[in-house]
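Labels below follow one simple rule: chain letters A, B, ... track the order of the sequence lines, proteins then strands, and each chain is numbered from 1. Remember, predicted model here, so these are calculated numbers, not experimental data.
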Amino acid sequence: MSEQIAITLPDGSVRYEPAGVTARAVAEALGSRLARAAVAARVNGAVWDLDRPMHGDTTLEIITQDDPAALEVLRHSAAHVLATAVRQLFPEANIGFGPAIQDGFYYDFEVPRPFTPEDLQAIERKMREVIEADHRFVREEVERDEAQQRFRDDPLKLERLEEFGEGEVISVYTSGPFVDLCRGPHLTSTGRLSHFKLLHAAGAYWRGDSRRQMLQRIYGTAWFNKSDLDTYLHQLEEAERRDHRVLGKQLDLFSVQEDVGPGMILWHPRGAIVQYELRRFIEDELLRREYELVYTPHVTREDLFIRSGHLPLYEDQQFPAMGAAGGEAETVRYRVKPMNCPMHAVIYASRQRSYRDLPVRLAEVANVYRNELSGTLHGLLRVRMLTMDDAHIFCREDQIEEEIFDMLDLTELVLRTFGFEYRIDLATRPVKKIGGDAAWEVAERALQAALDRRKVTYGIDEGGGAFYGPKIDIKLRDAIGREWQGTTIQLDYQMPQRLGLEYAGSDNKPHQPVMIHRAIYGTLERFVGCLIEHFAGAFPVWLAPEQVRVVPITDGQAEAACTVHRRCRDAGIRSSVDDRNETLNYRVRDAELMKVPYMAVVGQREVEQGTIALRARGAKKKQEIVPVDEFVERAREIIRSRALTVWPER
RNA sequence: GCCACCGUAGCUCAGCGGUAGAGCUCUCGAUUCGUAAUCGAGUGGUCGUCGGUUCGAUUCCGACCGGUGGCUCCA
């Protein structure tokens, strides 16, 4: 006598089935097409295996390939297939964790020797055999003793088992010869997996803890159909093509050289121009918004960083101390600065401040130095000398909201100018924090109010704030969807206190100002790196290192070309002449490869007519005859307005 | 920092136990060209650094320096 359960489907209809029925059975009853497309099931909101029996009344949704959860299931199963293959080829391997991740999966193994690229090929072949064998994924729930028995030869799994609390469900998945302690869910069988590729192997600490042993991690990607896999692999290639390190070399923007040191960027003339324009843009905007520019030393007494609280916290990220110049006491030690805030605070404190003076907004585009771990350095995106477009606002609590509001306005202006997409997060109070809840409450509410007033959508990063205050983080999304931390706005109650900052209130008593740290670009290095990838090296005209390249067809037009060039220079346009003894084709190609927005070709006809044959980058018309005057006028306007389009159609 | 891989001319790369090669760049010569590589010649390397093995090392081994990918998107 079987008990009946009520199963509510997404369309609201209810089916009655015997208890213990599986989602797969329901799907088959609903239609064979659905059954074939089914990947997993959503049972009472949780993702389940298709073959897991349901007991009690439930809601049920069949998950097909279109559901984002389906990919996760697929990839998680791919990880198991990977582990199955590794276990067969390397029986001595201990298995760690093997989750699905963004775009793929990985599995960690403890093996006597790291995997070689040849190993990966062999593993991939073995994986195809496992798929061919079409092992079913069988789920079981077991008691802890039973689990410990089954995984007695897997120390890493045993360690994980220790952490299970009383009454927590321990599930085990078996697929053919492979057994894993696993939360699931999985595909019905390994045969459902076909479009995958192992990408690379890398070391990874057990549980991400650098004090624990290093495991060997294999990364892979998996998709439901070949075209998705191909698209993804193509995307990886595209990312490689846009790699700012490669483009930086090709376009002669910057270099990092052993002679100078890792993470130290040398900005070549072409790259320096980009930074120069970015600085001009932001500094002009800051002055308009009543910020004040300051300059502070690169090296300061160490005591300052002790008082500010940086040194005790970040010592391993700072460069070591250096001694004083001759004559001074040997006890005086100096540090290269990892941030500017203490110096700005000292400027604030250099005279008495009244509540009427606030807010005081001190800005500095400044180089700071951070001794980042060598392994984390990456082109322009993680460096040891960074240029921050830093500013500190000292204000009263009642001014916070207005200040944040203006910063968001500035951020939006800046990021829109580049056509970046971005994501905003409000990070709230962490567990480990200083200051009372009341102050945090005020601060968080002010940030939230400013965000709401600007009508932007944002996420809440619960507990993600700095220990000294909440913050707003903005992540840039580049052209291929990767995210980078850019703008950051942080409230700080701690430093004003530590450094004894004050202002006289209307009650003529000393009060403590709030400090807001913010950087709009974040760092110029990272921002330029993102820009390079975002534009694939083809900068908008205002940022282009070389805006116009004048190309005379033969020596006969060299002089006329120089005249055009001078006209451009006089109009503030960065121009150059390519009158090298090379064919026209050669020079056109070179300008094209250097992604110069405008090529002004000057032949005999153009000389006679006072025109240029304009070849504008990316324009629909391959070339256009334009009077020199008109070109200069329009180019100037495009640069002035910081337009993203090189040569808009008329 | 840790693990793996990599390090040959300015750049991209080939080669390999018997003391180095291509293309591009650069220099010179010829060519004067109508929109993505004209032809020829030449310059250019202590094969990342230091040590070891060897009759002999760019090649094999070790250390160091540098680069690259990765280092909990939780069983």
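Atom CZ in A/R384 sits roughly 13 Å away from atom C1' in B/G67 (whole-Å rounding). Computed from coordinates, the A/E582 CD to B/G34 C1' distance equals 17 Å when rounded to whole Å. The CG-C1' distance, from A/D108 to B/A4, rounds to 14 Å in whole Å. Straight-line distance from the CG atom of A/D578 to the C1' atom of B/U35: 13 Å, rounded to whole Å. As a whole-Å value, the separation of A/E258 CD from B/C6 P is 18 Å. Atom P of nucleotide B/G34 and atom CZ of A/R589 are separated by 18 Å, given to the nearest angstrom. Rounding to whole angstrom units, CG of residue A/D579 and P of B/C33 are separated by 16 Å. In this structure, CZ of A/R382 is placed 15 Å from P of B/G1, rounded to the nearest angstrom.
A cation-pi contact, defined as under 6.0 Å to the ring centre and within 45° of the axis, is absent between A/R42 and A/W48. A cation-pi arrangement is present between A/R217 and A/Y106, with the terminal nitrogen or guanidinium carbon under 6.0 Å from the aromatic centre and inside a 45° cone about the axis.
Comparing B/G21 with B/G34, their P atoms sit 39 Å apart, to the nearest whole Å. If you take atom P in B/C5 and the same atom in B/A37, they sit 41 Å apart, rounded to whole Å. Only the C1' atoms considered, B/A4 is 22 Å distant from B/U8, to the nearest whole Å. To the nearest whole angstrom, the two C1' atoms, one in B/C47 and one in B/G69, are 25 Å apart. Distance check on atom C1': B/U35 versus B/G67 gives 39 Å, rounded to whole Å. B/A20 sits 41 Å from B/U32 when the P atoms are compared, rounded to a whole Å.
For B/A41, the paired base is B/U27 (Watson-Crick or G-U wobble, both distances below 3.5 Å). Partner assigned to B/A57 is none, using Watson-Crick or G-U wobble distances below 3.5 angstrom. Nucleotide B/G21 has B/C13 as its partner under the Watson-Crick or G-U criteria, with both atom distances under 3.5 Å. Under the Watson-Crick or G-U wobble criterion, with both distances below 3.5 Å, B/C50 is paired with B/G62.
A/G261 comes within 4.0 angstrom of nothing in the nucleic acid, heavy atoms only. Residue A/Q257 is classed as having no contact, given no heavy-atom separation below 4.0 Å to the nucleic acid. When heavy atoms are screened at a 4.0 angstrom cut-off, A/R113 is found touching no nucleic acid atom at all. Looking at heavy-atom distances under 4.0 Å, A/N585 makes contact with sugar-phosphate atoms alone, never a base.
Every residue meeting the side-chain contact (heavy atoms from CB on, under 4.5 Å) condition with A/D579, not counting sequence neighbours, appears here in chain and number order: A/P552, A/V577.
Contact between the side-chain N/O atoms of A/T583 and the OP1/OP2 oxygens of B/U38 is found at a separation under 4.0 Å. At B/C33, none of the side-chain N or O atoms of A/T554 fall inside 4.0 Å of OP1 or OP2 (strictly under the cut-off). Neither OP1 nor OP2 of B/C24 sits under 4.0 Å from any side-chain N or O of A/Y586. Side-chain nitrogen and oxygen atoms of A/R580 include at least one within less than 4.0 Å of the OP1 or OP2 phosphate oxygen of B/C26.
Residues A/R136 and A/D51 are paired through a salt bridge, judged by an N-O separation under 4.0 Å between the basic side chain and the carboxylate. Under a 4.0 Å N-O distance rule, the pair A/E92/A/R113 does not qualify as a salt bridge. A salt bridge between A/D209 and A/R211 is present, with a side-chain N of the basic residue lying under 4.0 Å from a carboxylate O of the acidic one. A salt bridge between A/R160 and A/E168 is absent, with no side-chain N of the basic residue lying under 4.0 Å from a carboxylate O of the acidic one. Under 4.0 Å is where a charged nitrogen must lie from a carboxylate oxygen, and between A/D154 and A/R87 at least one such pair does.
The heavy-atom pair separating A/A635 from A/I573 by the smallest distance is CB-CD1, 3.9 Å. Smallest separation of non-hydrogen atoms from A/A600 and A/I612: CB-CD1, 3.7 Å. Closest non-hydrogen pair, A/R617 versus A/K595, comes out as NH1-O, 2.8 Å.
Near RNA chain B, meaning a heavy atom under 4.0 Å from it, residues 617-627 of chain A has A/K622, A/Q623 in order of number. RNA chain B lies under 4.0 Å from at least one heavy atom of each of the following residues of residues 596-615 of chain A: A/V601, A/G603, A/Q604, A/R605, A/E606, A/A613, A/R615.
Residue pairs that meet the side chain to side chain donor-acceptor pair (under 3.5 Å) test with at least one member in residues 544-557 of chain A, sequence neighbours left out, are A/R270-A/E546, A/E546-A/R549, A/E546-A/S576, A/R549-A/D590, A/T554-A/Q557, A/Q557-A/Q604.
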Got a list of protein N/O to nucleotides 8-12 of chain B N/O distances below 3.5 Å?
unit_1, atom_1, unit_2, atom_2, d
B/U12, OP1, A/K249, NZ, 3.1

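Ring-plane geometry between A/Y173 and A/H80 is classed as perpendicular, the angle between the planes exceeding 60 degrees on a 0 to 90 degree scale with a lower cut at 30. Ring planes of A/W223 and A/Y232: tilted class, angle from 30 to 60°. Between A/W267 and A/F254, the two ring planes are tilted [angle within 30° to 60°].
Between A/Y107 and A/F109, the ring centre distance stays below 6.0 Å.
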Checklist outcome for this item: Under a 4.0 Å heavy-atom criterion, the protein footprint on nucleotides 69-75 of chain B, written with B, S and -, is BBBBBSB
